[in-house]
Enquirer: 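Supplied in structure tokens, the structure appears directly below.
All values below were derived from every heavy atom in this structure, side-chain atoms included, with hydrogens, water molecules and symmetry-related copies excluded. Please read all numbers here as calculations on a predicted model, not as lab measurements. Numbered from 1 within each chain, the chains take letters A, B, ... in sequence-line order.
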Amino acid sequence: MAQISVCPYCGTGCQIVVPEKDEPFSVSGYKGSPVNNGKLCIKGYTGLNYSFSKERLTYPLFNENGNFIRISWEDAIELAANKLLKIREEFGPDSVAFQSSAKCTNEENYLMQKMARVFGTNNIDHCARSCHSPTALGLINTLGTGAATGSIKSLEGTNTFFIIGSNTTEQHPIIGSKIISEVKKGKKLIVADPRKIKLAELADIHMQFRPGTDVALLNSLMFVIVKEKLYDKEFIDSRTEGFNELREEVIKYDPIITSEITGVEPELVYEAARTYATNRPSAIFYAMGITQHIHGTENVMNVSNLALITGNLGKYGSGIFPLRGQNNVQGSSDMGALAEFYPGYIRWDSDKIEKFAKLWNSTLPKKKGLTLSEMFDKAADGEIKAIYLMGENPLITEANIARVEEGIDNLEFFIVQDIFMTLTAAKADLVLPAASSLEKEGTFTNTERRIQRIFPIYKPPGEAKPDWWIINKIGSRMNLWKEYSGPEEIFNEIREAIYNYSGATYENIYPVGKQWPINKENPDGTEILHTRSFPLGKGKLVPIKFNPPSESVDGEYDLIMTTGRNYFHWHSGTMTRLSQILEREAPEPYIEINSEDAYERKIRNGQLVNVKSRHGEIRIRAKVTNLVPKGIVFIPFHYKESRVNLLVGENLDPISKIPEFKVVAVKVMP
Amino acid sequence: MIYSLNAEEMAQLYERISKEFETYGTVDIQGDITFSRIESYDELRIGRSDKPPKEFLIGRNENVLVFTEPNKKAVFGVMSCDLKGFYIMDKQIYGKDPFYTARRDNTVFINYVCTEPCETGFCSSFGGPLLNDYQIQVINYENDKYLIYADDAYKSFFEGFKQASKEEISKVEKLMHNFNMKQKKHEVEGIENRIKWNSKLWDEYAKICIQCGACNYSCPTCYCFDLNDVGEERFREWDSCILAGFTKTSAGNPRESLASRLRQRFYHKFVYYKKSKGEYLCTGCNRCTDDCPVDIEIKEVIDHDYNNE
Ligand code: SF4
Ligand code: SF4
Ligand code: SF4
């Protein structure tokens with residue numbers, strides 16, 4: 001019989017109905033789901049073919065001088081465990097780094113970070129670093145919880161939608177469609193985005209600001225709100241602290257002045273501020289357009305400022321919605337697969353980690369861990385000797401990939417666990433074949449904090465095994481733990497580790513999942529966060545000063561490039577590019593360039609051009625369009641044929657260490 | 001022939017059919033009705049399935065370089081709006097597409113006719129749920145009473161069962177008449193002449209359509225596919241005319257804009273097919289609207305006043 005599962009692509013976490021083997025195979029949306037009510041986007045409908053691809057990895061492979069030879073699981077586990085232990089003995093635990101994956105289940109992420117920490121290091125991180133680490137840090141700092149504050153369903157109660165730095169209809173299509181449906185009913189829509197995204201066309205107000213000037217824009221909105229006293233005084237008094245300091249800062253951002261920086265007409269700023277502040281409840285949506293900057297964490301805190309002073313938190317229909325990229329990036333972050341956080345966002349240097357020492361019956365590392373990009377850096381420097389990487393493809397997705405490659409080449413031992421022989425896996429010493437999300441048991445947590453179950457509906461190909469099985473074996477071989485019997489046992493340990501998960505059981509989260517916090521006080525989960533107070537007590541208002549992005553245009557590099565995804569592909573493309581329909585729709589890399597910029601450079605639509613930044617150069621086809629304004633170009637990062645991340649530099653947000661993917665100065669030459 | 005059975009006999013009918021056919025039917029997965037392999041009549045749950053049973057005849061994604069003789073399948077619980085889709089598609093692909101044809105010939109659809117209008121469907125605008133074309137058509141018109149229209153090809157399954165009486169038949173006909181009266185009518189007749197190429201609807205839809213493909217994948221009459229060579233295999237995959245790549249050729253794309261592709265879908269359904277095959281490529285199931293995440297309504301396309309926009 002068919003089974004309910006979860007779409008493996010975006011953080012919306014649409015529930016799908018998947019028929020069993022030997023039945024005509026096709027996926028449909030689960031009508032009972034409060035997330036998607038039976039609807040799906042094209043990736044959900046046609047994107048699951050990869051699971052049945054002949055290119056799947058089917059047995060463990062050992063790299064013998066450049067040739068991959070098949071080995072048994074027994075040998076593979078032995079080898080992985082012995083190598084890691086030997087390197088620990090020789091160079092200490094901090095010479096090893098672990099990389100987890102937002103595509104994997106909560107159970108798998110939990111186990112991976114536990115492996116790192118019981119092994120003796122906080123060198124555990126994953127791709128959330130490159131997308132929403134500023135969200136975790138920023139919102140934990142201002143509110144106490146780094147997650148969406150409302151539910152997808154609660155958008156029915158929203159009166160004003162404010163989208164900043166999220167191409168929602170392409171990246172979270174089902175949430176985008178929810179917004180469209182509401183806007184059709186007459187709700188207000190404000191879009192702030194340098195590109196003319198689909199929602200911009202429907203918007204009442206579209207502020208086309210220059211990339212990297214978000215702080216100035218948000219401050220100018222608050223300038224208006226403060227000047228016209230549109231804030232929620234009662235909320236500010238009773239639920240927040242720091243308003244005076246914030247006011248001091250934002251009154252410096254008169255829209256007339258900021259328009260020089262942002263390029264947005266003052267009238268639009270006034271109108272947007274008034275609408276957002278008065279036509280309540282209002283909800284803010286943001287994604288990589290806010291986070292992937294050197295001031296990403298500050299951006300997030302500024303979004304939080306805006307919501308706090310207008311009282312747009314804690315009520316049905318209001319809130320802050322960081323739209324999570326990967327299907328399980330909320331969960332993998334909750335699980336503590338991050339250098340600075342233990343499960344449940346407990347800081348590595350806080351006293352509270354004692355509870356994990358007890359739970360895991362182990363001493364815990366005393367040193368701060370390395371983040372994703374630092375791991376490769378230190379590998380290049382020779383400090384990191386081994387990396388155990390699960391389900392990521394950094395040779396396409398990381399910034400400054402030349403350096404990543406250098407790091408990988410310098411490793412003594414490199415383990416990659418994946419479902420395909422990716423560009424990254426091809427460099428491994430040991431390749432471990434994993435099961436896809438249709439082939440294993442576990443839970444994912446979506447962008448609205450909903451913990452949902454997946455099931456082993458198909459058998460993995462050949463000898464491929466679920467990621468939890470592999471980590472479990474290697475961990476127990478290294479004597480880090482006694483072997484777990486299965487995902488449910490791991491989940492039960494998660495319930496002990498994370499109070500917000502403590503009330504969830506495999507039984508009570510089936511079929512439609514429950515939103516954390518689910519615990520003694522909230523046995524049915526929590527739809528809206530912060531209704532009465534914040535985990536911090538009062539919400540913190542943090543004045544944010546505008547600093548220009550690290551990269552700027554000059555005579556030579558005269559265009560600003562931003563990077564991102566398109567509708568049809570997913571990250572490094574290893575899954576979507578195997579779906580013929582998706583690949584047909586977007587078969588090759590391209591650069592979107594405004595028609596005026598193209599004309600000035602004598603570039604025709606479809607022509608191959610060279611794109612050069614201060615860090616690298618690629619060749620790519622031009623798509624002449626007015627979706628991007630003059631002065632700005634856009635390149636999606638899915639394509640191994642021309643990896644845009646060769647162009648992205650090493651500039652990191654000093655707080656969250658996220659690379660600045662969204663602002664790169666480039667020149668484009670025919 | 002028309003038969004009259006009770007619930008117990010229905011189970012016997014299932015038993016008889018299952019001896020000759022692999023049996024499938026609609027089952028309940030946590031409130032979602034979906035087609036699945038079934039082993040007993042008890043598993044069957046009658047209700048509108050989450051997707052049409054199209055895949056029994058056109059695989060979602062299959063290698064077309066190897067032809068294997070299909071198993072004989074019996075599919076229980078097919079709704080009239082879905083079944084009708086096959087009869088409409090027959091006109092275009094039966095006899096031409098060897099896969100479709102072989103499966104069509106080897107599959108018996110046991111149609112369960114709705115006796116109450118569903119929430120959104122508008123099949124009565126296309127003649128209602130009692131169909132002229134069927135293999136086995138079941139009407140559960142009273143608690144334990146089933147009237148069955150069966151093609152003579154399936155006579156042997158009904159041996160020993162009672163033939164329906166005049167009263168029973170007229171009871172059902174009346175029920176069906178009431179059904180058609182109860183459901184709101186949409187004036188489909190003549191839409192091919194009313195619909196307008198330059199209607200503002202297409203642009204309005206293009207503004208909100210997110211190109212999910214649901215209106216094609218969920219439609220019991222959409223049969224378009226795409227061919228792809230992957231290594232030694234040639235895959236045929238359901239396609240969506242809403243996607244730009246659907247009509248792209250090396251010479252460019254004749255339907256570059258989303259508005260023109262949305263229009264094409266409705267024109268194919270209501271104009272081209274009607275003109276070439278004499279029938280609308282639509283059964284009024286309303287799935288394309290129910291599954292559309294931005295609520296683009298096929299009924300609006302039918303009801304819209306094109307002359308006064
Ligand atoms: S919206 Fe996201 S989760 Fe839903 S079907 Fe599309 S890719 Fe999958
Ligand atoms: S066009 Fe829509 S209403 Fe008509 S048959 Fe297809 S899905 Fe049903
Ligand atoms: S179902 Fe709606 S949104 Fe999806 S492709 Fe069709 S018209 Fe567009």
Enquirer: Specify the closest pair of heavy atoms between A/Ala2 and B/Thr34, including all atoms of both residues, with the distance to one decimal.
Expert: CB-CG2, 3.9 Å

Enquirer: To the nearest 0.5 Å, how far apart are CD in A/Gln3 and CD in B/Gln30?
Expert: 9.0 Å

Enquirer: What residues of residues 175-184 of chain A sit under 4.5 Å from chain B when you count only heavy atoms?
Expert: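 The stretch touches chain B at A/Ser177, A/Ile180, A/Ser181, A/Lys184.
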
Enquirer: Which pair of heavy atoms, one from A/Tyr45 and one from B/Cys212, lies closest together, and at what distance?
Expert: CD1-O, 3.5 Å

Enquirer: Tell me, for A/Leu202 versus chain B, whether the close heavy atoms (under 4.5 Å) come from the side chain, the backbone, both or neither.
Expert: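 Just its side chain gets close to chain B.
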
Enquirer: Hey, is NZ on A/Lys187 packed in by over 12 heavy atoms from elsewhere, all under 6.0 Å?
Expert: yes

Enquirer: Please say whether more than 12 non-hydrogen atoms of neighbouring residues, nucleotides or ligands are located less than 6.0 Å from CD in B/Glu119.
Expert: no

Enquirer: If you round to the nearest 0.5 Å, how far is NZ of A/Lys198 from SG of B/Cys209?
Expert: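 Those atoms lie 6.0 Å apart.
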
Enquirer: If you count heavy atoms of other groups shown closer than 6.0 angstrom to NZ of B/Lys299, is the number above 12?
Expert: yes

Enquirer: Using a cut-off of 6.0 Å, state whether more than 12 heavy atoms not belonging to A/Glu507 lie near its atom CD.
Expert: no

Enquirer: I need the B/Asn216 CG to A/Ile42 CD1 distance, nearest 0.5 Å.
Expert: 8.5 Å

Enquirer: Are more than 12 heavy atoms from other residues, nucleotides or ligands located less than 6.0 Å from atom CZ of A/Arg604?
Expert: no

Enquirer: Using heavy atoms and a sub-4.5 Å threshold, report which of residues 286-298 of chain B line up against chain A, by residue number.
Expert: B/Asp290, B/Asp291, B/Cys292, B/Pro293, B/Val294, B/Asp295

Enquirer: So B/Tyr217 and A/Thr46, do their side chains get closer than 4.5 Å, heavy atoms only?
Expert: yes

